[in-house]
Every structure is written in C-alpha cells, then in structure tokens.
Amino acid sequence: MDPCAVLIANADVLSALKARAADFGGELLAFTDADALIALEVITKRRPSIVALERDFAETPRGMALINRIKADGSLERVEIRVMSPDDTEVRVLPRAPGAPTPAGSSGGTAAAAVAAPPPALDQRGTRRAPRHRIKGKVEILVDGNVAMLVDLSVIGAQVLSPTILKPNQRVRMALNDDLGNVRFNAAVAWASFEIPPNSGPRYRAGLAFVDADAHAVDAFCIRHRQH
C-alpha cells in the first residue's frame with residue numbers, strides 16, 4: 001500500500017480541507033469532485049492508505065458510487081475511507097470489510113451510516129404486476145436513441161444499464177430491435193442509481209415503466225431473449 005492519501009472535494013473548499021488533511025502523513029493527492037473518475041484511477045493504481053471525501057460530495061449519487069466502487073475492490077480492502085466537512089472538525093471513518101486492519105496514522109472516528117445500495121428491482125415478494133424475466137446474454141436496446149443493456153423485461157417494464165444519464169420521472173423513447181422485429185414505445189424512469197463497477201466505466205442502472213407498449217410484441221421479444 002502506498003503511504004499517500006487522496007482527497008476529493010468541491011473546488012470551493014478543497015484548499016481548506018487540504019490544510020486539515022496535512023496531518024494524514026505522506027503525500028497528499030487532491031482532486032475536485034469534478035475529477036472524481038480521475039481520482040478513482042489514481043486510487044486503483046496507487047492504493048493509498050486513506051481516501052478522504054468532502055461530506056456533501058460523499059452523500060451524492062456519484063460520491064456513494066465511488067465509495068461502493070472502492071469497497072467492492074478486493075485490492076483496496078485496506079484503504080480507509082474518511083468523510084470530512086469544511087465546517088466541522090469531526091472526521092468520520094466509514095466501516096471497512098470485517099478484519100481489515102486500521103491504516104497507520106488513522107485518527108479513528110465514528111462510523112458513518114451504511115452507503116445506500118442501488119434501488120431494488122420493481123418486483124418485491126410477488127408485488128410485481130407482471131412476471132419479469134432475466135435476459136440471456138448481452139441484449140442491446142435503445143433508450144432515447146442511446147444504446148443501453150437490457151437486464152430483465154416484462155410486458156410493462158424493464159431494468160436497463162445505461163452509460164447515459166437517466167433520472168426518476170424522466171420520459172424516454174424505447175426501441176427493442178432484433179432480426180425478427182422492432183418494438184417502439186414510450187416509457188418513464190421509475191428509479192435510477194449511479195454505479196462505478198470494477199473493470200467498467202460509470203453507468204446508470206434504471207427501472208423503466210412502459211407507457212404505451214404493445215404487450216404482445218414485447219412478450220414475443222421477451223420469449224426470444226429470456227433465460228430459460
């Protein structure tokens with residue numbers, strides 16, 4: 001592990017937090033929250049002992065996705081994640097994997113609340129209004145003209161992975177295309193979460209509720225591509 005620390009904060013408070021982070025020890029690498037993906041590349045390559053995030057950024061979907069991405073990487077299990085605020089001297093230390101040792105120079109602190117997980121799929125214990133089927137392989141569809149990956153599908157909704165931003169209540173146009181037919185209709189984003197998975201670029205996972213889809217055409221597409 002590199003005896004350095006990474007700090008990510010809004011540009012307006014970065015200088016103030018850099019001064020407070022000086023006692024972390026070792027080299028301090030500071031990034032604005034606009035450069036969070038660049039910071040992540042540095043984190044995965046150098047494996048710092050400490051990653052400190054400004055509180056307001058840590059509580060955004062991008063900040064939570066960054067934290068989840070660090071926690072999901074086994075090579076970063078010894079990285080200590082701290083949350084700092086420019087108007088508070090307290091430094092919160094987020095929980096690490098059980099048994100992971102505390103990095104040298106850690107100032108301790110209270111554990112923060114668990115990072116929010118991605119929203120659940122639209123069906124929960126039989127409350128779904130129509131059966132949803134997992135899609136086999138990699139099936140690409142169009143959402144507002146942009147390519148997205150289809151995760152699961154029913155005649156009234158779907159879960160997708162999109163590199164393009166999707167927001168709850170957003171209205172979108174959908175197209176399900178294959179060699180046997182094209183199905184086009186409108187949909188609404190029911191929920192969406194931002195993710196930064198290992199070995200992949202950032203993406204949005206979203207649940208879509210269909211507005212005017214042809215149920216028979218969607219069902220036929222689902223039969224052709226669902227897992228059996």
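These figures come from a predicted structure and were not determined experimentally. Residues: numbered from 1 along the sequence shown.
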Taken to the nearest 0.5 Å, the spacing of Asn177 CG from Glu140 CD works out to 11.0 Å

Output for pair (Asn146 CG, Ile141 CD1), nearest 0.5 Å, gives 11.0 Å

Asn169 meets the side chain to side chain donor-acceptor pair (under 3.5 Å) criterion, sequence neighbours left out, with none

Looking only at heavy atoms, the pair that brings Gly63 and Leu53 closest together is O-CD2, 4.4 Å

Across all chains, not counting sequence neighbours, the ring-ring contact (aromatic ring centres under 6.0 Å, His included) partners of Phe57 are none

d(Leu208 CG, Leu166 CG) to nearest 0.5 Å is 6.5 Å

In short, ring pair (Phe, Tyr, Trp, His ring centres under 6.0 Å) pairs touching residues 161-188 with sequence neighbours left out are Phe185-Phe210

hydrophobic_cluster_shared for Val139 and Leu161, side chain cutoff 4.5 Å: no

Under 3.5 Å, which donor-acceptor pairs link side chains of residues 213-228 to any protein atom two or more places apart or in another chain?
{"from": "Asp214", "atom 1": "OD1", "to": "His216", "atom 2": "N", "distance (Å)": "3.0"}
{"from": "Asp214", "atom 1": "OD1", "to": "Ala217", "atom 2": "N", "distance (Å)": "3.2"}
{"from": "Arg224", "atom 1": "NE", "to": "Asp178", "atom 2": "OD2", "distance (Å)": "2.8"}
{"from": "Arg224", "atom 1": "NH2", "to": "Asp178", "atom 2": "OD1", "distance (Å)": "3.1"}
{"from": "Arg224", "atom 1": "NH2", "to": "Asp178", "atom 2": "OD2", "distance (Å)": "3.0"}
{"from": "His225", "atom 1": "NE2", "to": "Asp178", "atom 2": "OD2", "distance (Å)": "2.8"}

Residue set satisfying ring-ring contact (aromatic ring centres under 6.0 Å, His included) with Phe31, at least two apart, ordered chain then number -> none

Side-chain donor-acceptor pairs under 3.5 Å in residues 4-14, sequence neighbours left out?
{"from": "Asn10", "atom 1": "OD1", "to": "Asp12", "atom 2": "N", "distance (Å)": "2.8"}

Glu59 side chain vs Asp56 backbone, donor-acceptor pair below 3.5 Å: no

One should read off an interatomic distance between Ser75 OG and Glu77 CD, to the nearest 0.5 angstrom, of 8.5 Å

Applying side chain to side chain donor-acceptor pair (under 3.5 Å) to Asp179 and not counting sequence neighbours gives none

Checklist line | side chain to side chain contact (heavy atoms under 4.5 Å, CB included) assessment of Glu195 paired with Met64 | finding: CA-CA 8 Å; Glu195 302 176 348; Met64 290 188 292; over 6 Å; no

CG of Leu150 to NZ of Lys138, rounded to nearest 0.5 Å, is 14.0 Å

Nearest heavy-atom contact between Ala188 and Val211 is N-CG2, 4.1 Å

Excluding Val147, membership of its hydrophobic cluster (Ile, Leu, Val, Met, Phe, Trp, Tyr; side-chain heavy atoms within less than 4.5 Å) reads Leu142

Note to self: So Lys167 and Tyr204, do their side chains get closer than 4.5 Å, heavy atoms only?
What the structure shows: no

Side-chain heavy-atom pair Ile43, Val51 within 4.5 angstrom cut-off: yes

Nearest heavy-atom approach of Arg205 to Trp191 is O-CZ3, 3.3 Å

- Message: Do Ile81 and Val93 have side chains that approach each other closer than 4.5 Å (heavy atoms only, starting at C-beta)?
- Response: no

Between Ala21 and Leu28, the two heavy atoms sitting closest are CB-CD2, 3.9 Å

Here the salt bridge (charged side-chain N to carboxylate O under 4.0 Å, His left out) pairs for residues 142-151, sequence neighbours left out, are Asp144-Arg173

Worksheet item: Quick one: are Val172 and Asn186 in side-chain contact, heavy atoms under 4.5 Å?
Response: no

Run the side chain to side chain contact (heavy atoms under 4.5 Å, CB included) check on Thr164 and Val143 step by step: do they pass?
CA-CA 9 Å; Thr164 306; Val143 179; over 6 Å; no

CA sep, side-chain torsions, deciding dist, call: Met84, Arg55, side chain to side chain contact (heavy atoms under 4.5 Å, CB included): CA-CA 5 Å; Met84 306 174 64; Arg55 181 189 61 195; over 6 Å; no

Tell me whether Ile67 is reachable from Leu29 by hopping between hydrophobic residues (I, L, V, M, F, W, Y) whose side-chain heavy atoms are closer than 4.5 Å. yes

> For Leu94 and Arg82, what are the C-alpha separation, side-chain angles and deciding distance, and is it a side chain to side chain contact (heavy atoms under 4.5 Å, CB included)?
Replying inline: CA-CA 6 Å; Leu94 299 189; Arg82 302 184 183 183; over 6 Å; no

Query raised in the report: Does Arg203 reach the side chain of Pro197, with side-chain heavy atoms less than 4.5 Å apart?
Result: yes

(request) Could you tell me whether the side chain of Asp152 and the main chain of Ile135 form a donor-acceptor pair under 3.5 Å? (result) no

Looking only at heavy atoms, the pair that brings Ile50 and Val79 closest together is C-CG1, 4.5 Å

Those residues at least two apart in sequence (or on a different chain) that pass side-chain contact (heavy atoms from CB on, under 4.5 Å) with Pro168 are Ala192

In short, Ile196 meets Arg62 closest at the heavy-atom pair CD1-O, 4.5 Å

Taken in chain and number order and not counting sequence neighbours, the residues that satisfy salt bridge (charged side-chain N to carboxylate O under 4.0 Å, His left out) with Asp73 are Arg69

To the nearest 0.5 Å, atom CG of Leu153 lies from atom CZ of Arg132 at 7.5 Å

### Task
Look at the side-chain heavy atoms of Ile, Leu, Val, Met, Phe, Trp and Tyr, link any pair under 4.5 Å apart, and say whether Val151 and Met174 land in one connected group.
no

